[in-house]
Amino acid sequence: MASHIGIMGLGTMGSALARNVASRGYKVSVWNRSHEKVTEFITKYGDQSFYGAEHIEDFVESLDAPRKIILLVPAGAATEDALQNVVRALSEGDCIMDGGNAYFKDTERFQNQLKEQGIVFLGCGVSGGEEGALYGPSLMPGGERQAFEYFEEILGKIAAEDFSGKACVAYMGKAGAGHYVKMVHNGIEYAEMQMLAEAYDLLKRIYKLPHDEITEIFRGFDQGPLDSFLTHIAVDVLEKKEGATPLLNLIMDKAGQKGTGLWTSQEALTLGIPTPGITGAVFARGLSSLKDLRTELALKIPTQELAPVITSADFVKDLESALYLSRILNFVQGLELLQAANTEHHYELNFPEILRVWQGGCIIRATALKDLHEILKQAPNESILKSTWFQKKVQEHFQSHRRVVATAASHGVPLFTLNANLSYLEALRSSVLPANLIQGLRDRFGAHGFERVDEPGNFHGQW
Ligand code: 6PG
């Protein structure tokens, strides 16, 4: 019996997704660049649901026509190689879905190249890590609608569920829309993780709270409005011990990155959309890796230890508020970027659907998405910043956010995301900014001209 679908790449994500697809009653062919992984996979999970192919030709031949193939290999060169390898064995009308964290411009290039050969290509963001891939990821497919329709049924069956029980999958839009949305998802993921790390740092460095107490504070956060997957797993990470020592104390403080946060920031800069919380998180990761320099400067520039003015109980309340407001701002910045990308790239994004698909399975799933989704359902193409809901939330949490940032500054604790998000908000609510001085300086040294507030036109100063 021919397989319904083929999966290329049996790394962590590929093997988990293959098992998920098979568990929904599909027959799945699997292939991997090194055949050992196929043998291992079949030995471990093999039954009549799987066919382990040795060569790309028998992999392709084992599939029902039109063939549906999901590619789950690292983005970049490995994806390019796998595509070249499989395409020569495919026929017109076959369809490939790339489920890796591909750069959206690569996805668009592949779509155009493969179209010439009659092969349809879907770029699909897949979020949720190994657990998500196995039990239900959040899926963000984009490309030609026909390509989506090929995979629609299977994707609907393997996806996680949103808050109302619907599958966390929807057609995101044209061209590279799927991978673009996933890229922005990851940008938000960077900011979310950074602000949680900053909260941990504040409690540890300023209040010097015992580790177990910090764990309990995070558990409390997870049970309130900050409830989210990342808050939840932060408790897991904090809780883990090796003997009596928290594992966290043994983990080197250098954060890695694969590039999606950087791409999000590059895009934001290119399109002129401020995403300071997200971009701050990317810089924070870069700075964390300068361990030797930091260690040297820590000795040379010591800071005076001050006793905190706010009690730890009050500070925890402020922190919860600041994190909540900052979370809203992380999502707002991602959505503002998506709005601009939608205009620039003509994706035809469906904004309420994006926020629905992010409600289950993905790394940034959070209770706050319920309210954000409702707002966008009412005004799909309007900025959340303009909603009365947002303005009310700002009033509720603004002072707490300010106190947290001020406390951090007076005790020498760096905040990349919490601070950047506060400034973002302060700037947005300032009808007058000091950009008049920037314009004056630009005109003074380079005759760049400026607009005036009292009459229309372009002017130069007689400096
Ligand atoms: C997801 C994650 C996943 C992966 C990131 C990690 O949605 O499941 O985002 O895609 O964990 O790529 O990225 P960094 O290595 O850059 O942190």
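This structure is a prediction, so every number in the text was calculated from the model and none was measured. Counting convention: from 1, in listed order, for ligands and their atoms alike.
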Exercise for review: Could you tell me whether R219 atom CZ has more than 12 heavy atoms of other residues or ligands within 6.0 Å of it?
Suggested key: yes
Next on the checklist: If you count every heavy atom of other residues, nucleotides or ligands that lies below 6.0 Å from K27 atom NZ, does the total exceed 12?
Outcome noted: yes
ask   = More than 12 foreign heavy atoms under 6.0 Å from CD of E131: is that the case here?
value = no
Here the pair of heavy atoms bringing F59 nearest to S29 is CE1-O, 3.4 Å
- prompt: Any Lys/Arg nitrogen of E40 or K44 sitting under 4.0 Å from an Asp/Glu carboxylate oxygen of the other?
  reply: no
So the salt bridge (charged side-chain N to carboxylate O under 4.0 Å, His left out) pairs with at least one residue in residues 257-266 (sequence neighbours excluded) are none
The protein residues that pass the under-4.0 Å heavy-atom test against ligand 1 are N101, S127, G128, G129, K182, H185, N186, E189, Y190, Q257, K258, G259, R285, I363
